[in-house]
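For this chain, numbers begin at 1 and follow the sequence in order. Quantities reported herein were computed from a predicted structural model and do not represent experimental measurements.
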Amino acid sequence: MKPPMWLVATVGAAVIRALGLTWRIRVEEGSKLDAARALSPRVIFVFWHGRLLPLSYTHRNRRVHVLASEHADGEMLGQTIRRLGYGHVRGSSTRGGTRALLELVEKARAGFDLAVTVDGPRGPAGVVKAGVVEVARQTGAAILPITCASDRRRVFRSWDAFELPAPFARIVVRYGDPVRVEPAEAGRDAIERRRLDIERELTRITAEADRSARGDRA
């Protein structure tokens with residue numbers, strides 16, 4: 001018999017906290033968060049699905065509202081992150097999408113930061129979905145790319161190459177350049193340009209974080 005979801009989520013959150021206590025965490029380009037706050041008091045953190053686990057620890061207890069799908073794995077993620085001090089918005093680009101975007105807009109207008117795995121919930125990996133651009137356009141919230149890397153980790157054979165850092169791993173958290181989407185940027189071409197901007201920046205900072213975690217400064 002499968003254990004109840006609440007129990008799995010409780011254990012999962014406890015494991016993340018325990019792992020996080022062992023990690024050696026370094027934040028790079030932290031001033032980019034200040035730059036995003038200068039653009040807007042509300043921030044939308046955007047990151048790749050495969051890198052979410054360390055970030056769920058480093059940004060816990062900040063009342064950030066996270067978009068997670070309505071699939072079973074998304075519900076598990078939602079219940080787990082709620083135990084780490086996050087809000088949970090149900091939905092994705094493929095299921096419950098319109099309602100989820102409306103709820104994200106509502107949460108941002110209420111003053112909360114948001115977090116979105118922009119290539120989730122099912123991929124393709126490394127391709128940003130456009131919904132986050134529309135949320136930013138409607139709310140004025142600044143989009144802030146963020147990523148992480150570790151020197152010792154297990155990489156799963158999943159669509160997102162999900163990474164599980166080892167105990168006592170060195171973790172690099174890196175911020176990218178913030179993006180502000182103006183209300184007038186409503187056309188398909190304008191949204192596509194912004195989507196590509198985010199995708200390129202996430203790709204760039206992830207490669208830089210990987211090099212930094214390995215100790216490769218070249």
### Task
For Arg204, enumerate each residue passing the side chain to side chain donor-acceptor pair (under 3.5 Å) test, keeping only those at least two apart in sequence or located in another chain.
Glu201, Glu208
#### Entry: Donor-acceptor under 3.5 Å (Arg82 side chain, Ala9 main chain)
no
### Task
Sort and list the pairs that fulfil salt bridge (Lys or Arg N to Asp or Glu O under 4.0 Å) and have at least one residue in residues 140-151, not counting sequence neighbours.
Arg24-Asp151, Asp151-Arg170
### Message
I'd like to know if Asp197 and Arg194 make a salt bridge, using a cut-off of under 4.0 Å between side-chain N and carboxylate O.
### Response
yes
## Note on the structure
Joining Ile, Leu, Val, Met, Phe, Trp and Tyr whenever any side-chain heavy atoms lie under 4.5 Å apart, the cluster holding Met76 also takes in Met5, Val8
### Task
Kindly say whether Tyr86 contributes a backbone atom to a donor-acceptor pair with the side chain of Arg60 at under 3.5 angstrom?
no
### Task
Return the orientation label for the Trp159 and His49 ring planes: parallel under 30°, perpendicular over 60°, tilted otherwise.
tilted
### Query
Just how far is it from atom CD of Glu28 to atom OG of Ser212, taken to the nearest 0.5 Å?
3.5 Å
### Exceeds 12 heavy-atom contacts within 6.0 angstrom, atom CZ of Arg63
no
### Task
Determine yes or no for a side-chain-to-main-chain donor-acceptor pair under 3.5 angstrom, with Arg152 supplying the side chain and Pro167 the backbone.
yes
#### Entry: Cluster overlap Ile143 with Val66, hydrophobic side-chain contacts below 4.5 Å
no
#### Entry: Ring geometry between His59 and Phe45 (parallel below 30°, tilted from 30 to 60°, perpendicular above 60°)
perpendicular
### Task
Determine, using the 4.5 Å side-chain heavy-atom cutoff (strictly less than), whether Ile25 and Leu33 are members of one ILVMFWY cluster.
yes
### Task
Would you please name every residue forming a ring pair (Phe, Tyr, Trp, His ring centres under 6.0 Å) with Phe162, sequence neighbours left out?
none
### Query
Same cluster for Val135 and Leu144 if Ile/Leu/Val/Met/Phe/Trp/Tyr side chains link at under 4.5 Å?
no
### Query
Checking Asp113 side chain against Val64 main chain: does a donor-acceptor pair fall under 3.5 Å?
no
### Message
Would you say Ile16 ends up clustered with Ile146 if hydrophobic residues are merged whenever their side chains have heavy atoms under 4.5 Å apart, either directly or through other cluster members?
### Response
yes
#### Entry: Short N-O contact, Arg195 and Glu199, less than 4.0 angstrom
yes
### Message
According to salt bridge (Lys or Arg N to Asp or Glu O under 4.0 Å), does anything in residues 42-56 pair up with another residue at least two apart or in another chain? List the pairs.
### Response
Arg51-Glu163, Arg51-Asp210
### Query
Is it the case that one hydrophobic cluster holds both Leu52 and Tyr57, taking links as side-chain heavy atoms less than 4.5 Å apart, direct or via other members?
yes
#### Entry: Residues that Thr203 engages under side chain to side chain donor-acceptor pair (under 3.5 Å), provided they are two or more places apart
none
